[in-house]
Amino acid sequence: MEAELEHKKASKRIKKIQVMVAEAIRETCDTTTLMLFSGNDHLDYKPGHFCTIDPHQFGGLEPWAAYLEHLKSKKEKPRAYSLASSPHEKHLAVTIKEERYIPGKTKYPPLLSPILVRRIPVGTRMEITGFTGPYYLPDDIESRTDHIVHICAGSGVVPNWSIIKYALHKKLKVRHTLIYGNRKWDDVIYRHALDDLRDRYPDKLKIVHALSREPGALHPGAHVYEGRVGAELISKHIEDPTAVEVFACGPALSKWDKLQAKREGIEPTPRFMESVVGAFKTVGVPKERLHLESY
Ligand SMILES: Cc1cc2nc3c(=O)[nH]c(=O)nc-3n(C[C@H](O)[C@H](O)[C@H](O)COP(=O)(O)OP(=O)(O)OC[C@H]3O[C@@H](n4cnc5c(N)ncnc54)[C@H](O)[C@@H]3O)c2cc1C
């Protein structure tokens with residue numbers, strides 16, 4: 001209810017903001033964080049909110065967007081990107097993971113993420129629209145729980161990174177457990193920044209890496225689990241499932257995956273979000289304590 005009201009309020013305050021890319025930080029081989037300078041604008045957002053970026057503003061994408069619009073018979077929409085920055089920080093930031101075109105698997109090549117990840121030089125000016133979204137840290141979080149469990153995969157860590165930084169900076173009376181799923185170490189976004197934050201707040205932040213394709217991995221100070229995030233791993237890190245608040249974000253089945261499976265007469269293979277939602281049921285986390293965002 002509070003989330004819905006906040007979403008409505010946020011929709012009213014949404015505006016276009018001119019920004020300049022102050023820095024482009026390569027996080028992994030396919031992921032970049034763009035630090036965005038917005039001048040003197042008052043930036044009214046909550047940790048967890050997202051902004052949108054319209055691909056049509058990039059001249060180099062014009063023919064590509066027109067071609068895809070012709071093939072799809074509809075206009076290409078702005079893409080949503082969670083804020084990687086937290087409201088107490090000077091710069092805005094977004095972290096983008098490049099989508100891939102896999103012949104025979106994906107129907108069209110991705111439009112915006114490749115250029116944001118690879119071809120945005122420092123100094124580029126662009127327009128973003130924001131800020132909104134139902135996935136954010138509620139103001140009354142301390143009265144709801146003293147333990148937030150973050151369950152993320154891949155670029156799903158972005159809004160949770162904002163939430164964790166904010167809550168620690170504001171010295172909120174909550175501790176955090178981040179269970180973060182990736183294939184390999186090299187896919188872990190904010191790897192060093194996460195280590196630094198955990199070292200600064202050892203009693204407040206626990207990090208559990210679940211790596212599905214890196215057997216025998218060890219990492220100083222971190223808990224490393226071999227395999228995917230599932231009910232067994234989640235239940236190990238939640239003492240009382242009725243007392244935590246869970247923020248889960250990661251890839252889910254797209255409407256196109258579901259349509260394709262329907263055409264083939266098969267059940268679509270669950271992705272990260274479908275799997276963890278099933279796990280929360282098994283573990284016994286009540287629905288009203290779940291905050292979910294899928295990419
Ligand atoms: C709330 C929210 C927050 C997000 N935050 C982030 C973030 O922080 N970082 C991040 O990296 N991403 C984030 N995303 C995902 C992001 O919005 C984009 O979806 C992503 O970057 C891909 O965009 P693209 O233009 O590169 O690819 P697209 O051009 O959107 O293509 C993506 C895939 O969809 C398929 N597709 C597209 N159109 C069709 C069609 N008509 N029929 C069949 N298949 C189709 C393509 O084949 C391709 O496989 C977020 C999404 C949401 C909803």
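Along the sequence shown, the residues carry numbers beginning at 1. Worth knowing before you read on, the calculation uses all heavy atoms, side chains too, and leaves out hydrogens, waters and symmetry mates. Everything numeric in this text was worked out from a predicted model, so none of it was measured. Numbering of ligands and ligand atoms starts at 1, following listing order.
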Between [X] and [Y] (side chain of the first, backbone of the second, donor and acceptor by atom type, cut-off under 3.5 Å), is there such a pair?
{"X": "Thr106", "Y": "Tyr101", "result": "no"}
{"X": "Gln57", "Y": "Glu127", "result": "yes"}
{"X": "Glu226", "Y": "Pro215", "result": "no"}

In the protein, which heavy atom is nearest to [atom], and how far is it?
{"atom": "atom 48 (C) of ligand 1", "result": "Tyr108 O, 3.7 Å"}
{"atom": "atom 49 (O) of ligand 1", "result": "Thr106 CG2, 3.2 Å"}
{"atom": "atom 53 (C) of ligand 1", "result": "Ser294 O, 3.9 Å"}
{"atom": "atom 14 (N) of ligand 1", "result": "Ala80 O, 3.3 Å"}
{"atom": "atom 3 (C) of ligand 1", "result": "Tyr295 CE1, 3.3 Å"}
{"atom": "atom 26 (O) of ligand 1", "result": "Ser113 OG, 2.6 Å"}
{"atom": "atom 31 (O) of ligand 1", "result": "Pro110 CA, 3.9 Å"}
{"atom": "atom 20 (C) of ligand 1", "result": "Tyr81 OH, 3.8 Å"}

So if I count the atoms of ligand 1 from 1 in the order they appear, which ones are less than 4.0 Å from some heavy atom of [X]?
{"X": "Leu112", "result": "24 (P), 25 (O), 26 (O)"}
{"X": "Phe50", "result": "1 (C)"}
{"X": "Lys97", "result": "10 (C), 11 (O)"}

Minimum heavy-atom distance between Glu23 and Val122, given as atom pair plus value: CA-CG2, 3.9 Å
Contact summary for Ile96 and Val117, nearest pair of heavy atoms: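 It is O-CG2, 3.2 Å.
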Side-chain ion pair, Lys46 and Asp139, N-O less than 4.0 Å: yes
N or O pair under 3.5 Å between Lys74 and ligand 1: no
Pick from His49, Arg79, Lys72, Glu99: the one approaching atom 28 (P) of ligand 1 most closely through a non-hydrogen atom: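 Among His49, Arg79, Lys72, Glu99, the closest heavy atom to atom 28 (P) of ligand 1 comes from Arg79.
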Ring pair (Phe, Tyr, Trp, His ring centres under 6.0 Å) assessment of Phe247 paired with Tyr135: CA-CA 8 Å; Phe247 286 75; Tyr135 187 81; 5.6 Å; yes
Residue pairs fulfilling salt bridge (Lys or Arg N to Asp or Glu O under 4.0 Å) with at least one residue in residues 209-218, sequence neighbours excluded: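 Output for this query is empty, none listed.
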Intermediate values then yes/no, side-chain contact (heavy atoms from CB on, under 4.5 Å), Ser82 and Tyr295: CA-CA 10 Å; Ser82 301; Tyr295 285 7; 2.7 Å; yes
Region of Leu116 engaging ligand 1 - heavy atom pairs below 4.0 Å: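 It is neither; nothing of Leu116 touches ligand 1.
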Within reach of ligand 1, part of Glu293 (heavy-atom separation under 4.0 Å):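 Side chain only; the backbone of Glu293 stays clear of ligand 1.
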Aromatic contact, His209 with Trp185 (centres under 6.0 Å): yes
